[in-house]
**Q** 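Sharing a structure with you now.
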Amino acid sequence: MALDGITAQLLAGELDEELSGARIDKVFEPDKYTVILHIRTNSGIKKLLLSVNPSAPRINITDSTRENPQTPPSFCMLLRKYLSGSRIVSITNPGYERIIEIEVTTTDELHDTKNIKLTAELMGRYSNLILINPNGRILDSIVHVDYSVSRVREVMPARIYEYPPTQDKFTCEEALSLTSENMLPIEEQELGRPMDKALLNSIKGISPNLCRQLCLRADIDDRSPAKNLTDKEKQDLIKIVSEFASKVVNRNYSPASYYSEDDMACEYSPFDLIGYAKRRDAASISEAIDMYYHEKDRYIDLDNKKQRLKTIIGNALSHATHKAEIHMEDKEEGSKAEYYKCCADLILGNQYMLKGKEEYLNCQNYYEDPPKDVTIKLDPSLNASDNAQEYYKRFRKAKRKLTLAEEYLADDKMAIDYLRTLKVAAEAASCEDDISAILMELNEAASKPKTKHPQNQGNPNANVGKAKSGKASSRALREAAKKAREKNNSKGNKNVKALPYRQYTTSDGRLVYCGRNNIQNEELTFKVADKDDWWFHIKGMPGTHVILKAHKGEEFPPDNSVIEAAQTAAFFSKSIMLEEHAAKEGSKAGDIKAEVDYCKVSHVKKIPGAKPGMVIYEGYYSIVVSAKEIKQ
């Protein structure tokens, strides 16, 4: 959520109690929107994070560590000049605005004491961090706003600082006073608007979500106009608003962060919210904000890494597909070899008809039954024998091209299938371990040494298109691994700890294992699983190997375990199913149906010479299930 004015008011009070009188030790600017102050207090060093990121403006005490640039930005250097060694006088909020002011006292070069303000305006895309001198003039800001950006208010060095335009709304104190007189704190002109909008436009500093929460607690439809409230609804809402305003005025609140069923960060608030799956209490608003953004940033960081990895694999897949198209064209050209040989034979067989300088030869093709008339194009500057030799040259070239194209197409198909499995694994990645596993596989696949084939020795065409470095992997794979190392700042995998397999437990208590990448898939199937365990894989598509552990002497596992293991196999191929249009239009992700094959591990065989994870299997059963992950 965006920081609202009421939360900013309460947060400023918290920070003032905790940091007032403390000394600013160090100043860092890890990115263009964030400043971190190291503040020395009686209880130790505390990090105050001030972020004016348009998507997540906030100020809170944090324990997280961020990497700082080697060369500090100019605004950071200015803050260090004025704030390093200064003492915090107060942290305030100017009346339920989304503004927090940090006033510090410092000494200048002449050892004169002066007060300076660092003002954080936390207003979405208008957020800014401004340093103001004792005379109220702006020393500098992290974001410059000149006349071309805003005609209402400039934020530039040497300008007099002015607060953003305020709105004429009821403060919480005024709202509490009105409710004590049995009146709703809603402006008269707002009575025709939906209830949540009416509250939002009437109470200063309240957020849209808090307005909806008030309506929800009063059991009122937030979309109905305020003027249509019944007397009972009005009294219920007055009571709820009065309790809320009283908590704000008396600073009686219980901060917490709120999450979805899958632990996705949804909201933070100083007040109790309803409608969320999970709640984690915090000792302060600052801690609640830090908990919320720690989880949210983790998901954002993971998503960014996934997107980079998917881009790398997607580029490699496009390159491999383009290469396959070229080789398919070569194959089509090579398929004309027999035609060129036939033309050469017909020219030699009918050279008595050629007197010289003919452009075409019209004759019968006696290789067909019955013979048909054909027209063969000739080079007028050559005689019949030389024209025939030209066609024989084309024949030999096309035949060689056909042979090589068929070999390359087989390699291309294998590379495309393999890259598609990596793409599926990247889509299914749900944690840092999954990303690391795929990066390790890319590096290993690109650095695998080439296998020498004795039958290719002495054949000049055997290594056409192969890497000069002797790598057996395709260029697409090598480029993908190189990009992945650059993006991940990889320094090699020499001492990398082996990553664990995904592990689940079915409702029947059976263990289910899933590979994170193709290398793990192969290890899981051929080294970890017993021959009597059950192997699951989505039918006809790239996907993960899923192993359902069998009990000794058991002929067939329980139906529930089979269904849940099959659903998990389908879940990790959900993206490729959507890509293949396997799901109906408009269906939800949980409603995706897929056919999954399963058999005993002893019926699964590795394809000789194939990439990791490529197998064939027999004696299998099939089941159609929804794509769902086993809930833990």
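Atoms considered below: every heavy atom in the structure, side chains included; atoms not considered: hydrogens, waters and symmetry mates.
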**Q** State which residues pass side-chain hydrogen bond (donor to acceptor under 3.5 Å, both in side chains) with Gln167; sequence neighbours excluded, sorted by chain then number.
**A** Lys169
**Q** Look only at the side chain of Thr179 and the backbone of Ala175, and say whether a donor-acceptor pair between them is shorter than 3.5 Å.
**A** yes
**Q** Please report the closest heavy-atom contact between Ile435 and Lys306, naming both atoms and the distance.
**A** CD1-CG, 3.5 Å
**Q** Is the side chain of Ser20 donor-acceptor paired with the backbone N or O of Val89 at a distance under 3.5 Å, no angle test?
**A** yes
**Q** Only counting residues at least two apart or in another chain, list the ones meeting side-chain contact (heavy atoms from CB on, under 4.5 Å) with Ser90.
**A** Asp16, Thr92, Glu103
**Q** Kindly say whether Lys628 contributes a backbone atom to a donor-acceptor pair with the side chain of Ser626 at under 3.5 angstrom?
**A** no
**Q** Can any side-chain N or O of Thr34 pair as donor or acceptor with the backbone N or O of Pro30 at less than 3.5 Å?
**A** no
**Q** Among Tyr276, Tyr253, Tyr292, Tyr258, which one satisfies ring-ring contact (aromatic ring centres under 6.0 Å, His included) with Tyr268?
**A** Tyr292
**Q** State, yes or no, whether a side-chain contact exists between Asp4 and Asn209 at a heavy-atom distance under 4.5 Å.
**A** no
**Q** Run the side-chain contact (heavy atoms from CB on, under 4.5 Å) check on Val104 and Arg87 step by step: do they pass?
**A** CA-CA 5 Å; Val104 302; Arg87 192 175 295 276; over 6 Å; no
**Q** For Lys234, look at atom NZ and say whether over 12 heavy atoms of other residues, nucleotides or ligands are found less than 6.0 Å away.
**A** no
**Q** Not counting sequence neighbours, which residues clear side-chain contact (heavy atoms from CB on, under 4.5 Å) with Asp297? List them please.
**A** Arg58, Arg66, Tyr293, Ile300
**Q** Only counting residues at least two apart or in another chain, list the ones meeting side-chain contact (heavy atoms from CB on, under 4.5 Å) with Ser127.
**A** Val52, Pro57
**Q** Check Ile100 against Leu11 and note the closest heavy-atom contact, atom names and distance.
**A** CD1-CD2, 4.0 Å
**Q** Under the side-chain contact (heavy atoms from CB on, under 4.5 Å) test, which residues partner Ser74, sequence neighbours left out?
**A** none
**Q** Check the surroundings of atom CG in Asp281: do more than 12 heavy atoms from other residues, nucleotides or ligands lie under 6.0 Å from it?
**A** yes
**Q** Please answer whether the main-chain N or O of Asp231 pairs with a side-chain N or O of Gln235 as donor and acceptor at a distance below 3.5 Å.
**A** no
**Q** I'd like to know if the side chain of Asn60 pairs up with that of Thr62 as donor and acceptor (distance under 3.5 Å, no hydrogens or angles considered).
**A** no
**Q** Which pairs, with at least one residue in residues 184-194 and sequence neighbours excluded, count as a side chain to side chain donor-acceptor pair (under 3.5 Å)?
**A** Glu190-Arg193, Glu190-Asn201
**Q** Hey, does Met264 have a side-chain heavy atom less than 4.5 Å from the side chain of Tyr299?
**A** yes
**Q** Please walk me through it: do Leu131 and Ile138 pass side-chain contact (heavy atoms from CB on, under 4.5 Å)?
**A** CA-CA 6 Å; Leu131 189 65; Ile138 298 171; over 6 Å; no
**Q** Compute whether any side-chain donor of one residue and acceptor of the other, for Ser55 and Asn53, lie under 3.5 angstrom apart.
**A** yes
**Q** Whether the side chain of Gln213 engages the backbone of Ile274 through a donor-acceptor N/O pair (distance < 3.5 Å, no angle test) should be reported.
**A** yes
**Q** Please identify each residue that fulfils side-chain hydrogen bond (donor to acceptor under 3.5 Å, both in side chains) with Thr107, with sequence neighbours left out.
**A** none
**Q** Contact between Phe75 and Leu129 at the side-chain level, heavy atoms closer than 4.5 Å - yes or no?
**A** yes
**Q** Applying salt bridge (Lys or Arg N to Asp or Glu O under 4.0 Å), name anything that partners Lys46, two or more places apart in sequence or on another chain.
**A** Glu18
**Q** Determine the minimum heavy-atom distance between Leu214 and Leu237, stating which atoms define it.
**A** O-CD1, 4.2 Å
**Q** Do Cys266 and Ser260 come close enough that some side-chain heavy atom pair is under 4.5 Å?
**A** yes
**Q** Looking at Glu29 and Val35, would you say the former's side chain and the latter's main chain have a donor-acceptor pair under 3.5 Å?
**A** no
**Q** Taking the side chain as every heavy atom from C-beta outward, state whether Leu10 and Thr7 have any atom pair closer than 4.5 Å.
**A** no
**Q** At their closest point, which heavy atom of Asp196 faces which heavy atom of Asp222, and how far apart are they?
**A** OD1-O, 2.9 Å
**Q** Can you tell if the side chain of Tyr504 reaches within under 4.5 Å of the side chain of Cys514, non-hydrogen atoms only?
**A** yes
**Q** Search all heavy atoms of Cys215 against all heavy atoms of Met195 and return the closest pair with its distance.
**A** SG-CG, 3.5 Å
**Q** Do side-chain atoms of Thr568 reach the backbone of Glu564 as a donor and acceptor pair under 3.5 angstrom?
**A** yes
**Q** Any chance you could lay out the side-chain contact (heavy atoms from CB on, under 4.5 Å) test for His38 and Phe28, step after step, and finish with the verdict?
**A** CA-CA 8 Å; His38 285 207; Phe28 299 99; 3.7 Å; yes
**Q** Assess the residue pair Asp290 and Leu49 against the criterion (side-chain contact (heavy atoms from CB on, under 4.5 Å)); give the C-alpha distance rounded to whole Å, side-chain angles, the decisive distance to 0.1 Å, and a yes or no.
**A** CA-CA 9 Å; Asp290 193 49; Leu49 182 146; over 6 Å; no
**Q** When rounded to the nearest 0.5 angstrom, what distance separates OG in Ser141 from CD1 in Ile130?
**A** 6.0 Å
**Q** Do Asn250 and Ser246 have a side chain donor and acceptor closer than 3.5 Å?
**A** yes
**Q** Does the ring of Phe572 carry Arg502 above it, NZ/CZ under 6.0 angstrom from centre and within 45° of its axis?
**A** yes
**Q** Can you name the side-chain hydrogen bond (donor to acceptor under 3.5 Å, both in side chains) partners of Ser84, sequence neighbours left out?
**A** none
**Q** How far apart are the closest heavy atoms of Leu122 and Ser51, and which atoms are they?
**A** CD2-O, 3.7 Å
**Q** With a 4.5 Å limit on heavy-atom distance, are the side chains of Leu229 and Leu184 in contact?
**A** yes
**Q** Given Asp263, which partner from the list Arg279, Arg280, Arg298 fulfils the salt bridge (charged side-chain N to carboxylate O under 4.0 Å, His left out) test?
**A** Arg280
**Q** Can you list every ring-ring contact (aromatic ring centres under 6.0 Å, His included) pair that touches residues 197-245, not counting sequence neighbours?
**A** Phe244-Phe271
**Q** Count the heavy atoms of every other residue, nucleotide or ligand shown that sit under 6.0 Å from CG of Asp112, and state whether that count exceeds 12.
**A** yes
**Q** Is Ser86 reaching over with its side chain to a backbone N or O of Leu83, donor-acceptor style, under 3.5 angstrom?
**A** yes
**Q** Looking at CD1 of Ile24 and OG1 of Thr106, how far apart are the two atoms once the value is rounded to the nearest 0.5 Å?
**A** 9.0 Å
**Q** Hydrogens and angles aside, do Ser257 and Tyr259 bring a side-chain donor and acceptor to less than 3.5 Å of each other?
**A** yes
**Q** Extract all donor-acceptor atom pairs below 3.5 Å that involve side chains of residues 282-289 and protein atoms in other chains or at least two apart in sequence.
**A**
from: Ser284; atom 1: OG; to: Glu287; atom 2: N; distance (Å): 3.2
from: Ser286; atom 1: OG; to: Ile61; atom 2: N; distance (Å): 2.6
from: Glu287; atom 1: OE1; to: Ala283; atom 2: N; distance (Å): 3.2

**Q** Sorted by first residue and then second, give each salt bridge (Lys or Arg N to Asp or Glu O under 4.0 Å) pair with at least one member in residues 121-138; sequence neighbours left out.
**A** Glu121-Arg153
**Q** Side chains of Asp236 and Asp219: closer than 4.5 Å at any heavy-atom pair?
**A** no
**Q** Kindly say whether Glu97 contributes a backbone atom to a donor-acceptor pair with the side chain of Asn93 at under 3.5 angstrom?
**A** yes
